Visitor: 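First the structure, then my questions, so here it is.
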Number of protein chains: 2
Amino acid sequence: MPNRLTINDIARLSGVGKSTVSRVLNNENGVSQQTRERVAAVVNQHGFSPSRSARAMRGQSDKVVAIIVTRLDSRAENLAVQTMLPAFYEQGYDPIMMESRFQPELVAEHLQMLSQRNIDGVVLFGFTGITPCLLAAWRDSLVVMARDVSGFSSVSYDDEGAIELLMAKLYAEGHRQIGFIGVPHSDVTTGKRRHQAYETFCRQHDLTPRAVLPGLGMQPGYDHVAQVLTPETTALLCASDSLALGASKYLQERRIALQLASVGNTSLINFLHPEILTVDPGYAEAGRQAAAQLIAQVTDVDAPHQHVIPARLV
Amino acid sequence: MPNRLTINDIARLSGVGKSTVSRVLNNENGVSQQTRERVAAVVNQHGFSPSRSARAMRGQSDKVVAIIVTRLDSRAENLAVQTMLPAFYEQGYDPIMMESRFQPELVAEHLQMLSQRNIDGVVLFGFTGITPCLLAAWRDSLVVMARDVSGFSSVSYDDEGAIELLMAKLYAEGHRQIGFIGVPHSDVTTGKRRHQAYETFCRQHDLTPRAVLPGLGMQPGYDHVAQVLTPETTALLCASDSLALGASKYLQERRIALQLASVGNTSLINFLHPEILTVDPGYAEAGRQAAAQLIAQVTDVDAPHQHVIPARLV
DNA sequence: CTGTTAGCGCCTTCAG
DNA sequence: CTGAAGGCGCTAACAG
């Protein structure tokens, strides 16, 4: 692993000056085809690669980005990160990872730490409590995931679309008593938007809404499903896969047969409960998009931009 | 986020030379208390932090490590990484993450990429197909997780101990017909060792072993449980939590009541199936240990070392 | 105790 | 088209 060769060695080995080697390395023009090939040969032969630190010191960019997830074991975020990583690597960026655990203070600490690293940019998975002022210093080099923070780039999911898709499908299948289990409105996206989309659909189709908003997680799902169930209920819409998991456990225990539907298409739920109707919020695409957007932004070819990923029934 | 101050600025601002500032920054001795405090004040006041690249170039390390997980959504690995990250950050190391997806070629590619990055060290979550020669170049700066590769540092789980713990408990509860569902022996740890520990316990306690080794994952668990069930079977031991999840789905569907036991204590399984007897292989501790070992090793205060984390009933 | 002087490996003028 | 010379921010000798 020691890459002890330097640009000087390569220069000597191929009988040219360092600047020429540098030009070849950076694909600059102003080098004869002959020389270029000769240098390239030596470079490849020795598996030489320029020192990133030296580069960084000269220019600016370290080519390092950070990805701050809420929890490492969030299935949804995993799916996004899974496409994000390769996208970054392809462009020569090294992604370092951090966990916020839904704590704004931890985000602050992490960003603090990152600012001492001369990081190029940050992808932050948003959650309740993230405020613009917390991120102020990063206006140009930050992409928020799953949430839109005014003034910042973001890649978010189509909450309304996802709910509409599911509701329309349930409705088409004949369901008229559809319960909803979600997240408090303090969570704008998973909470407020999804719930409102549900309410809206109910209103437009003359259905009686019955909703409960205990919050994210399996346990809340389990504990609170009962509250939206009436003897007539035939279907239940869940704002997230963890809620669906919890709710479905409850229903199974009570032997209550209900058509479940949920936002969030993960392998876990697909295996455990293939009967659940799910919609893919586009995690994979969101990951790619976030990486692309961040790179575009820090490479100065793009301005902050709000991007919404369309949902897709599966 | 631009840390535009340099050591020179600090020197000027506090009326000393750069070397003095450097000494203060690195807590070296040979600076009067007076001067030290004055410089420190200026540093804090301006929130100055030295450029990592410049430091790295001057011969110090980059303070960057890589963590190569098999899958970002492995619950077991998540738990280990969750403790590993803070451990690295505390020591000033930036962890970059990669996914191997159980493909040795991908590991090779990643290591290749890392060697051009002048990385300090690597934590690699092992799997079948990882050979010493693949890792040869990293002998001194690599820690393998969950597997021991001869000649390399490793942090592994106590496979035998975990199985014994579970079997002993099942036995103590009166179970005499205990099935086993595991992983082929090509996987030395989760596969061979756990299965053999099962066989050994059966032999020692005069039980009739009944095992099937379809491989990791929920689907294999679901598809193959039936093969180890007899009318007399009262308990089933699973080599991993995903197998347990699969098996338990099958049993639930068939309304077969069985005491399940499984290696792998994750919140998912604890919620979904609290009735399953689980043993914690010590993921959290393993993560801490791996980080500590890697740091000790690259700081040159330690030699490669095989570490085994004890299992613990929960 | 403290300042001065060299580079680390690279990119970037600037001459040739 | 190419090489020589500087300097990025920092640390490590070496002088005072």
Side-chain angles (χ1 to χ4, degrees), chain A residues 1-43 46-64 92 115-120 299, chain B residues 1-43 46-64 92 115-120 299:
Chain A
M1 33 113 287
N3 182 273
R4 300 274 53 94
L5 283 265
T6 84
I7 196 174
N8 261 310
D9 302 321
I10 302 298
R12 195 176 322 119
L13 254 37
S14 42
V16 299
K18 340 188 300 188
S19 15
T20 304
V21 177
S22 175
R23 289 185 187 105
V24 173
L25 253 25
N26 300 339
N27 277 316
E28 285 172 19
N29 47 18
V31 183
S32 72
Q33 196 54 29
Q34 293 239 348
T35 317
R36 185 179 297 277
E37 278 168 14
R38 191 148 41 87
V39 174
V42 178
V43 166
H46 292 272
F48 167 80
S49 69
S51 145
R52 293 182 76 128
S53 330
R55 262 198 168 155
M57 216 177 71
R58 205 63 204 72
Q60 342 286 359
S61 159
D62 244 330
K63 288 258 202 180
V64 177
S115 67
Q116 309 187 345
R117 293 297 159 89
N118 200 28
I119 288 280
D120 289 281
T299 317
Chain B
M1 66 102 308
N3 180 273
R4 298 269 57 91
L5 285 263
T6 83
I7 196 175
N8 262 311
D9 302 321
I10 302 299
R12 193 175 323 118
L13 255 39
S14 43
V16 299
K18 338 188 301 186
S19 20
T20 302
V21 178
S22 176
R23 288 186 188 104
V24 173
L25 254 26
N26 300 338
N27 277 315
E28 286 173 18
N29 48 19
V31 183
S32 73
Q33 196 53 29
Q34 293 239 347
T35 317
R36 187 180 297 278
E37 277 167 16
R38 190 149 40 85
V39 174
V42 178
V43 166
H46 292 272
F48 167 80
S49 69
S51 146
R52 302 203 108 209
S53 335
R55 259 191 172 163
M57 219 179 66
R58 194 58 195 86
Q60 316 263 323
S61 94
D62 241 328
K63 289 260 206 177
V64 177
S115 67
Q116 310 187 346
R117 216 284 179 209
N118 201 30
I119 289 282
D120 289 281
T299 318

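First the proteins, then the strands, lettered A, B, ... as listed; each starts at 1. The model shown is predicted, which means the values in this text are computed figures rather than measured ones.
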Visitor: Can you tell me how far P of C/dG9 sits from CG of B/N118, to the nearest Å?
Guide: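 It is 11 Å, rounded to the nearest whole Å.
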
Visitor: Has the side chain of A/R52 got a donor or acceptor atom that lies under 3.5 Å from a matching backbone atom of A/K63?
Guide: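 Pair found, side chain donor or acceptor close to backbone of A/K63.
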
Visitor: Name the nucleic acid region contacted by A/E28, choosing base, sugar-phosphate or nothing; use a 4.0 angstrom heavy-atom cut-off, strictly under.
Guide: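 If one applies the 4.0 Å heavy-atom cut-off, A/E28 turns out to touch the sugar-phosphate alone, with no base involved.
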
Visitor: Run the salt bridge (Lys or Arg N to Asp or Glu O under 4.0 Å) check on B/D62 and B/R117 step by step: do they pass?
Guide: CA-CA 9 Å; B/D62 241 328; B/R117 216 284 179 209; 3.4 Å; yes

Visitor: Would you give the length of the straight line joining atom CG of A/N8 to atom CG of A/L5, rounded to the nearest 0.5 angstrom?
Guide: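 It comes to 11.0 Å.
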
Visitor: Working to the nearest 0.5 Å, report the span between CD1 of B/I7 and CZ of B/F48.
Guide: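 It comes to 6.0 Å.
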
Visitor: Nearest 0.5 angstrom please: A/M57 CE to B/S53 OG, how far?
Guide: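 Output value for this atom pair is 8.0 Å.
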
Visitor: Quickly work out the A/L25 CG to C/dT12 C1' distance and round it to whole Å.
Guide: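 From A/L25 CG to C/dT12 C1': 15 Å.
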
Visitor: Measure the distance from CG on A/N26 to C1' on C/dT12 and round it to the nearest whole Å.
Guide: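 It is 11 Å, rounded to the nearest whole Å.
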
Visitor: Bend angle of the helix from C/dC1-D/dG16 to C/dG16-D/dC1 from five-pair axes at both ends, rounded to 10°?
Guide: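 Helix axis angle between the two ends: 40°.
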
Visitor: Ignoring backbone atoms, test whether A/N8 places a side-chain nitrogen or oxygen under 4.0 Å from the OP1 or OP2 oxygen of C/dC10.
Guide: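 Answer no for this pair, as no side-chain N or O of A/N8 is under 4.0 Å from OP1 or OP2.
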
Visitor: Which whole-number value in Å describes the distance from B/I10 CD1 to C/dG3 P?
Guide: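 Spelled out: CD1 on B/I10 to P on C/dG3 is 15 Å.
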
Visitor: Using atom CD of B/Q116 as one end and atom P of C/dC10 as the other, report the distance to the nearest whole Å.
Guide: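 Whole-Å distance recorded here is 13 Å.
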
Visitor: List the protein contact pattern of nucleotides 1-8 of chain D with one symbol per nucleotide (5' to 3'): B for base contact, S for sugar-phosphate-only contact, - for none; contact means a heavy-atom distance under 4.0 Å.
Guide: SBBB-BBB

Visitor: From CG of A/D9 over to P of C/dC10, roughly how many Å is that when rounded to an integer?
Guide: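 A/D9 atom CG is separated from C/dC10 atom P by 9 Å.
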
Visitor: For residues 11-28 of chain B, tabulate all N or O donor-acceptor pairs below 3.5 Å that involve a side-chain atom, not counting sequence neighbours.
Guide:
{"from": "B/S14", "atom 1": "OG", "to": "B/I10", "atom 2": "O", "distance (Å)": "2.5"}
{"from": "B/N26", "atom 1": "OD1", "to": "B/R55", "atom 2": "NH2", "distance (Å)": "2.5"}

Visitor: Just to confirm, is there a sub-4.0 Å distance from OP1 or OP2 of C/dC11 to any side-chain nitrogen or oxygen of A/R55?
Guide: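 For C/dC11, OP1/OP2 do have a side-chain N/O of A/R55 under 4.0 Å.
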
Visitor: To the nearest angstrom, how far is B/R52 atom CZ from D/dC10 atom C1'?
Guide: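 Nearest whole value for this atom pair: 14 Å.
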
Visitor: Has B/S51 got a side-chain N or O lying under 4.0 Å from the OP1 or OP2 atom of D/dG9?
Guide: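 False: B/S51 side-chain N/O out of range (4.0 Å or more) of D/dG9 OP1/OP2.
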
Visitor: Measure CZ/B/R12 against C1'/C/dG3 and give the value in whole Å, please.
Guide: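 It works out to 15 Å between those atoms.
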
